[in-house]
Amino acid sequence: MGSRASTLLREEEIEEIKKETGFSHSQITRLYSRFTSLDKGENGTLSREDFQRIPELAINPLGDRIINAFFPEGLDREDQVNFRGFMRTLAHFRPIEDNEKNKDPTASEPLNSRTNKLLFAFRLYDLDRDDKISRDELLQVLRMMVGVNISDEQLGSIADRTIQEADQNGDNSISFNEFIKVLEKVDVEQKMSIRFLH
Amino acid sequence: MVLFLDFNPFDNLLCILLGISFTVWFTLLLVFIIVPAIFGVSFGIRQLYMKTLLKIFEVSGNHWAFLSFLAIIAKEPTSLEEEIKEIRRSGSNRDLDSASEFEMSDIFYFCRRGVESIMDDEVTKRFSAEELESWNLLTRSNYNFQHISLRLTVLWGLGVVIRYGFLLPLRVTLAFTGVGLLVVLTSIIGFLPNGRTKNFLSEKVHLMCYRICVRALTAIITYHDSENKPKNGGICVANHTSPIDVIILASDGCYAMVGQIHGGLMGVIQKSMVKACPHIWFERSEVKDRHLVAKRLSDHVEDKTKLPILIFPEGTCINNTSVMMFKKGSFEIGSTVYPVAIKYDPRFGDAFWNSSQFGMVSYLLRMMSSWAIVCSVWYLPPMSREEGEDAVQFANRVKAAIARQGGLVDLLWDGGLKRGKVKDTFKEEQQKLYSKMLVGTQEDRSRS
């Protein structure tokens with residue numbers, strides 16, 4: 001047996017992941033294949049280095065922040081994410097299907113709801129997880145996206161203007177609700193979704 | 001060879017039987033394999049074998065499709081600028097003329113692209129063996145097939161017996177014969193004075209030994225467009241999947257090889273080959289010196305009596321689904337380039353050498369215990385550098401031609417990414433593009 005498929009996914013696990021994330025059976029097996037091909041250490045978990053080995057992710061200006069989203073516990077270098085955690089994070093990018101909108105309102109919110117997609121984006125800004133985007137945090141993300149091409153002063157004024165427009169309670173930072181308000185017209189469902197081919 | 005043990009008549013009988021079977025074995029080998037290799041003819045045994053195998057695969061009820069060609073997700077081909085503008089447009093109350101420099105929704109683009117590349121990227125899948133959707137009865141190709149019927153198990157068991165019990169010993173014998181003959185005969189030819197006779201004999205000897213090696217791998221090769229075969233003073237470039245590429249090309253024509261001198265058996269072979277005709281071997285220290293390498297290559301191509309050089313510009317083995325960046329060194333020399341496309345058929349055995357997974361010896365053993373190596377070779381029309389074209393553009397043009405002919409994906413990524421990190425310049429390009437979007441509106445505003 002090829003060393004790659006050494007820990008085949010059991011049917012019960014697939015069912016659990018299906019319930020939690022909403023992915024279909026075939027999508028889960030395809031993503032499991034992908035998970036194992038990224039797992040160079042073959043220990044059933046991915047480390048940050050495993051992600052950084054993907055060239056298209058390494059050249060993404062926000063690459064490191066996106067990788068962070070898979071390791072919710074903190075910035076510890078030794079972090080590992082297993083397949084469940086991997087799928088849970090990827091689930092945020094599942095497209096919202098029509099029949100889901102009319103689901104049982106008492107059931108917990110699906111991972112790919114509009115609010116959860118916005119929360120994913122919010123957490124990219126909010127590094128210290130204090131539920132507020134401070135001026136510094138905003139500047140950090142801006143700096144990552146523009147590199148060396150814009151001066152500190154210009155970047156500072158962009159950050160100030162952004163906070164000014166979004167901040168409603170005057171604490172000079174952006175809370176999650178203020179974040180939602182700013183983006184209320186944006187087509188989050190489409191822009192933060194990845195379409196599967198089968 | 002025959003021992004007489006008087007007190008045990010059975011042993012006597014056994015020895016005689018062994019002696020007879022060895023003789024029969026070697027005669028068959030000689031007649032059906034070695035003699036045709038010497039004269040370059042074929043009985044068609046391998047073609048028959050291939051047809052039989054295909055029939056068996058059909059019987060086992062498989063339908064062929066290749067997993068690696070099926071993408072998991074749909075990627076939108078929009079650019080950074082287009083998409084960020086779209087996101088802003090949908091979220092903004094204001095009209096575009098006084099569009100703001102920065103929106104918090106801008107990160108959605110980078111976010112989605114990043115997660116897309118985590119689910120499926122173009123590069124990392126080129127460095128591991130191509131996955132088949134159906135099973136070709138080799139354990140090593142069995143990735144995720146959980147339901148194996150009794151019939152398939154029986155076929156697989158038979159396959160194991162045939163491959164390891166019959167084919168493998170046969171092939172190993174041939175391999176030793178081929179390599180042994182190569183070393184011995186080229187050393188002998190080395191004693192001759194340089195001239196037409198030496199070149200002629202050297203050609204014949206090289207071809208014969210490579211043909212024996214081809215049979216040692218049960219390689220079934222189809223050559224297309226042989227009128228474009230590389231000529232003296234030219235450089236032959238091909239896509240690289242495994243060390244076997246060399247054997248495949250060199251059994252159909254004579255080339256001057258380029259490479260680093262190794263120790264051990266490889267080194268012995270290299271040293272004796274260069275006695276018969278000029279190959280270009282570099283010491284380990286010389287490989288780093290690009291000027292030295294370029295000088296030796298251009299000296300070689302200027303001498304029209306010397307054979308065409310064989311080079312693999314990708315610099316590393318790729319899994320035969322794509323062609324990666326060509327290193328520009330061979331394209332700076334200025335001689336005619338003869339591109340060659342090699343495409344393996346993965347149904348009979350995967351030829352890709354994943355050097356991080358297998359060493360050379362275990363790789364060769366895997367090759368010799370597969371069903372066969374089936375491939376197609378296309379000799380493309382010669383190309384030269386055009387006016388105003390630099391080496392990199394020329395290299396990309398040749399690469400595109402090879403990818404098109406072989407049905408491979410043409411990638412700009414460097415094969416060196418197998419082992420090394422990607423350069424920061426790519427990230428800097430994206431940052432520059434995005435900065436233009438922020439700063440650009442500033443300039444427009446100051447103008448109006």
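Numbers restart at 1 for each chain; the letters A, B, ... are given by sequence-line order, proteins then strands.
Neither the backbone nor the side chain of A:R65 comes within contact range of chain B; no heavy atoms are under 4.5 Å apart. Looking at A:L31, only its side chain comes within 4.5 Å of chain B, counting heavy atoms on both sides. Interface remark: A:F35 contributes no atoms to any contact with chain B (heavy atom separation under 4.5 Å). Contact of A:I66 with chain B is made through the side chain alone, with heavy-atom distances under 4.5 Å. Of the atoms belonging to B:E429, not a single heavy atom falls under 4.5 Å from chain A. Interface residue B:I118: backbone and side-chain heavy atoms are both found under 4.5 Å from chain A. Heavy atoms closer than 4.5 Å to chain B are found in both the backbone and the side chain of A:R195. Looking at B:F108, the atoms closer than 4.5 Å to chain A (heavy atoms on both sides) sit in the backbone and in the side chain alike. For a residue to count as touching a neighbouring chain, one of its non-hydrogen atoms must lie under 4.5 Å from one of that chain's; by this rule A:I67 does not touch chain B. When heavy atoms are compared at a cutoff of 4.5 Å, A:L124 approaches chain B solely by way of its side chain, counted from C-beta outward. Interface remark: A:S193 contributes backbone atoms only to the contact with chain B (heavy atom separation under 4.5 Å).
Between A:I158 and B:F102, the shortest heavy-atom distance links the atoms CG2-CB, 3.5 Å. Heavy atoms only, all atoms of each residue included: A:I28 and A:I14 are closest at CD1-O, 3.7 Å. Here the closest non-hydrogen pair linking A:K40 and A:S37 is NZ-O, 3.3 Å.
Among A:F179, A:F51, A:Y125, the residue making the largest number of heavy-atom pairs under 4.5 Å with chain B is A:Y125. Most heavy-atom pairs under 4.5 Å with chain B, from the set A:L142, A:V141, A:L38, A:V182: that is A:L142. Looking only at heavy-atom pairs under 4.5 Å with chain B, the residue among A:D187, A:L138, A:L90 that has the most is A:L90. Per-residue heavy-atom pair counts under 4.5 Å with chain A were compared for B:Q430, B:M119, B:E428, and the maximum is reached by B:M119.
Defined by atom type and a distance below 3.5 Å, a donor-acceptor pair is present between the side-chain atoms of A:Q80 and A:T45. With 3.5 Å as the limit, one finds a donor-acceptor pair spanning the side chains of B:N319 and B:T321.
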Residues B:D350, B:Y344; criterion side-chain contact (heavy atoms from CB on, under 4.5 Å); working and verdict | CA-CA 8 Å; B:D350 178 37; B:Y344 290 88; over 6 Å; no
Where do B:Y434 and B:Y109 land on the ring-ring contact (aromatic ring centres under 6.0 Å, His included) test, with the steps shown first?
-> CA-CA 11 Å; B:Y434 180 64; B:Y109 170 78; 8.8 Å; no
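Evaluation of the side chain to side chain contact (heavy atoms under 4.5 Å, CB included) rule for A:H92 yields A:L111, A:N116, A:F120 as partners, not counting sequence neighbours. Taking the salt bridge (Lys or Arg N to Asp or Glu O under 4.0 Å) definition, one finds that B:D410 meets it with B:K399, sequence neighbours left out.
Close placement of the A:F23 and A:F196 rings is indicated, their centers lying within 6.0 Å of each other.
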